[in-house]
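Below: one structure, written as structure tokens.
Both ligands and their constituent atoms are indexed starting at 1 by order of listing. From a predicted model like this one, the values you see are computed outputs, not experimental measurements.
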Amino acid sequence: MKVSVPATSANLGPGFDCLGLAISMKNQVIIRPSKFHSVSLKGEGSNNPALKDNNMFISIFNDFYHNLSHKKRFFRFEFQNEIPLSRGLGSSSAVIVSAIASAYAIEGIKLEKDKLLNLALAYESHPDNITPAVMGGFNVACVQENEVKYIRKEIPKSLKAVVVVPNRAISTQLSRKTLPFKYSKEDTIFNISHSSLLTAAFMAEDWDMLKLASNDQVHQKYRMKQMPELFDVQKTALKEGALMSTLSGSGSTLFSIAHADDSKNLEKALKFRFPHFRVFTVDFDNTGVRIEI
Ligand SMILES: Nc1ncnc2c1ncn2[C@@H]1O[C@H](COP(=O)(O)OP(=O)(O)O)[C@@H](O)[C@H]1O
Ligand SMILES: N[C@@H](CCOP(=O)(O)O)C(=O)O
């Protein structure tokens with residue numbers, strides 16, 4: 001049984017906790033029944049011994065598997081991870097979604113995507129990563145009575161994501177604690193209007209509107225101050241042809257969107273200017289979680 005889940009970029013500037021999209025960078029796990037418990041880790045996190053023993057995927061998987069099957073069985077878990085951990089690309093959401101989907105799949109129980117999404121919500125209160133991780137595409141989401149309400153839109157292949165991944169991890173949970181408790185009326189109205197305009201721009205495929213609509217007053221400036229070089233990355237990306245450039249989730253990744261024809265030059269310019277960071281150009285993912293029995 002194989003499950004794969006895409007990386008996600010949340011907030012997209014002003015859409016704090018409500019806007020997010022999926023990109024073609026994924027974590028994949030193959031799970032096989034085994035005589036004893038074993039874990040193989042390749043790719044991102046493979047040099048982190050803690051992930052072998054204290055693994056969030058296995059803990060969530062076991063919780064669901066035991067509740068579903070009432071059986072004690074051993075499995076071999078083969079992880080192939082492409083999503084950098086704690087870099088604002090939704091690694092925790094990918095793990096949560098993948099673990100729940102895997103437990104149902106290995107037990108042969110069909111799980112509708114909407115139910116999977118609401119089960120994942122119990123582990124991550126903001127829906128802007130888990131929703132695109134499950135559904136793919138661009139999503140606008142909110143939570144109403146413990147259920148995620150969302151509308152999604154596919155993103156055309158004519159656009160690419162260019163992500164700049166620093167070597168510094170930022171814990172989402174800790175990063176959220178650094179944000180202000182209160183916001184001015186001006187900042188509140190600024191973000192409501194800009195996230196509304198950004199949503200409309202994605203729905204209408206008005207890509208020239210992304211740059212203006214993706215401005216934010218609620219979280220980016222506080223977070224990017226922790227790593228000021230990110231302001232240079234953002235400025236360079238916008239100068240070199242990005243349609244928009246925002247902090248990905250809680251960071252440290254800087255996420256940009258460009259027309260496919262412009263993405264090669266953008267990637268080249270970012271790699272030249274910031275050789276100490278990893279730079280990837282990827283398609284968008286319009287499918288979300290994939291399960292192969
Ligand atoms: N591939 C993985 N396998 C197991 N746990 C993971 C994996 N990726 C992320 N995690 C868990 O999620 C945590 C990172 O979550 P978070 O700080 O929200 O980062 P991100 O911004 O990538 O979502 C890690 O410390 C680890 O506990
Ligand atoms: N809205 C959240 C998004 C966190 O995304 P992640 O990829 O950093 O987990 C926030 O900004 O805290």
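- Side-chain contact between N11 and H219 is present, with at least one heavy-atom pair separated by less than 4.5 Å.
- In terms of protein heavy atoms, atom 8 (O) of ligand 2 is closest to S250 OG, 2.6 Å.
- Note on K26 versus D285: no salt bridge recorded, every NZ/NE/NH1/NH2 to OD/OE distance being 4.0 Å or above.
- In terms of protein heavy atoms, atom 27 (O) of ligand 1 is closest to M56 SD, 4.5 Å.
- Ring geometry, Y104 versus F64: the interplanar angle falls from 30° to 60°, so the pair is classed tilted.
- Shown in contact with N27 at under 4.0 Å from a heavy atom are these atoms of ligand 1, numbered in order with element: 1 (N).
- Here A10 has side-chain heavy atoms under 4.0 Å from ligand 2, and that is the only part of it that gets that close.
- Atoms of ligand 2 found under 4.0 Å from any heavy atom of F16, numbered from 1 in the order shown, are 10 (C), 11 (O).
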F202 vs F138, test: ring pair (Phe, Tyr, Trp, His ring centres under 6.0 Å). Steps then yes/no.
CA-CA 8 Å; F202 271 94; F138 164 85; 4.2 Å; yes

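- Listed by number with element, the atoms of ligand 2 under 4.0 Å from a non-hydrogen atom of D128 are 1 (N), 2 (C), 3 (C).
- The proximity of N129 to ligand 1, defined as any non-hydrogen pair under 4.0 Å, does not occur for either the backbone or the side chain.
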Kindly determine whether R76 and S38 satisfy side-chain hydrogen bond (donor to acceptor under 3.5 Å, both in side chains), including the steps that lead there.
-> CA-CA 5 Å; R76 173 162 175 75; S38 71; 3.0 Å; yes

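- Taking CG from L68 and CD1 from I106, the interatomic distance works out to 11.5 Å, rounded to the nearest 0.5 Å.
- Classification of E240 and K271 as a salt-bridged pair fails, no side-chain N sitting under 4.0 Å from a carboxylate O.
- Ligand 1 has no N or O atom lying under 3.5 Å from any N or O atom of E124, backbone or side chain.
- Note: M224 CE to L247 CG = 6.0 Å, rounded to the nearest 0.5 Å.
- A donor and an acceptor atom, one from each side chain of S69 and E107, are nowhere located under 3.5 Å apart.
- For the pair N81 and ligand 1, the shortest N or O to N or O distance falls below 3.5 Å.
- Interface atoms of ligand 2 facing G88, defined by a heavy-atom separation under 4.0 Å, are 6 (P), 7 (O), 8 (O).
- Between S93 and ligand 1, a contact under 3.5 Å exists for no N or O pair.
- Less than 4.0 angstrom separates some heavy atom of S171 from each of these atoms of ligand 1: 17 (O).
- With a 4.5 Å cut-off on side-chain heavy atoms, Y123 and I130 do not count as touching.
- Remark: the E124 side chain and the S92 side chain contain an N/O donor-acceptor pair separated by less than 3.5 Å.
- For ligand 1, the polar-atom distance check finds no N/O of Q173 at less than 3.5 Å from any of the ligand's N/O atoms.
- Nearest to atom 2 (C) of ligand 2 by heavy-atom distance, out of Q173, R176, R87, is R176.
- Residue contacts with ligand 1, taken as heavy atom pairs separated by less than 4.0 Å, involve R87 solely via the backbone atoms N, CA, C and O.
- Residue S86 holds the heavy atom nearest to atom 14 (C) of ligand 1 of all those in S86, S252, S9.
- For atom 9 (C) of ligand 1, the closest heavy atom belonging to the protein is S91 OG, 3.2 Å.
- Residue contacts with ligand 2: G90 is placed with a nitrogen or oxygen under 3.5 Å of a nitrogen or oxygen of the ligand (distance criterion only).
- At a 3.5 angstrom cut-off on N or O pairs, T8 does not count as close to ligand 2.
- Close contacts between ligand 1 and G90 involve ligand atoms 22 (O), 23 (O) [criterion: under 4.0 Å to a heavy atom].
- The shortest side-chain heavy-atom distance between T246 and L254 does not fall under the 4.5 Å cut-off.
- Closest to atom 7 (C) of ligand 1 among all protein heavy atoms lies V95 CG2, 3.3 Å.
- For ligand 1 and L51, the ligand atoms under 4.0 Å from any heavy atom of the residue are 4 (C), 5 (N).
- Under a 4.0 Å N-O distance rule, the pair E78/K42 does not qualify as a salt bridge.
- Separation of atoms CG (L270) and CG (L266) is listed at 4.5 Å; rounding is to 0.5 Å.
- Comparing heavy-atom distances from atom 5 (O) of ligand 2 across N11, N129, L247 singles out N129 as nearest.
- From the protein, the heavy atom lying nearest to atom 26 (C) of ligand 1 is L85 CD2, 4.5 Å.
- Salt bridge status for E292 with R290: absent, with no side-chain N to carboxylate O gap under 4.0 Å.
- With ligand atoms numbered from 1 in the order given, ligand 1 contributes 4 (C) to contacts under 4.0 Å with heavy atoms of N55.
- Atom 18 (O) of ligand 1 has as its closest protein heavy atom T172 OG1, 2.8 Å.
- Polar contact check, R223 against ligand 2: a nitrogen or oxygen pair lies under 3.5 Å apart.
- The closest approach between H219 and ligand 2 stays at or above 4.0 Å for every heavy atom of the residue.
- Under the 4.0 Å criterion applied to side-chain N and carboxylate O atoms, D17 and R176 are assigned as salt-bridge partners.
- At least one N or O atom of G88 sits closer than 3.5 Å to an N or O atom of ligand 1.
- Here the two rings, on F77 and F61, have centers that are under 6.0 Å apart.
- Nearest-residue assignment for atom 6 (P) of ligand 2 (options D17, I83, T172, V218; heavy-atom criterion): T172.
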Problem - Worked check of salt bridge (Lys or Arg N to Asp or Glu O under 4.0 Å) between R278 and E44 - result: CA-CA 13 Å; R278 291 190 289 171; E44 298 291 333; 2.7 Å; yes

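- Looking from atom 15 (O) of ligand 1 to the surrounding protein, the closest heavy atom is S92 CB, 3.3 Å.
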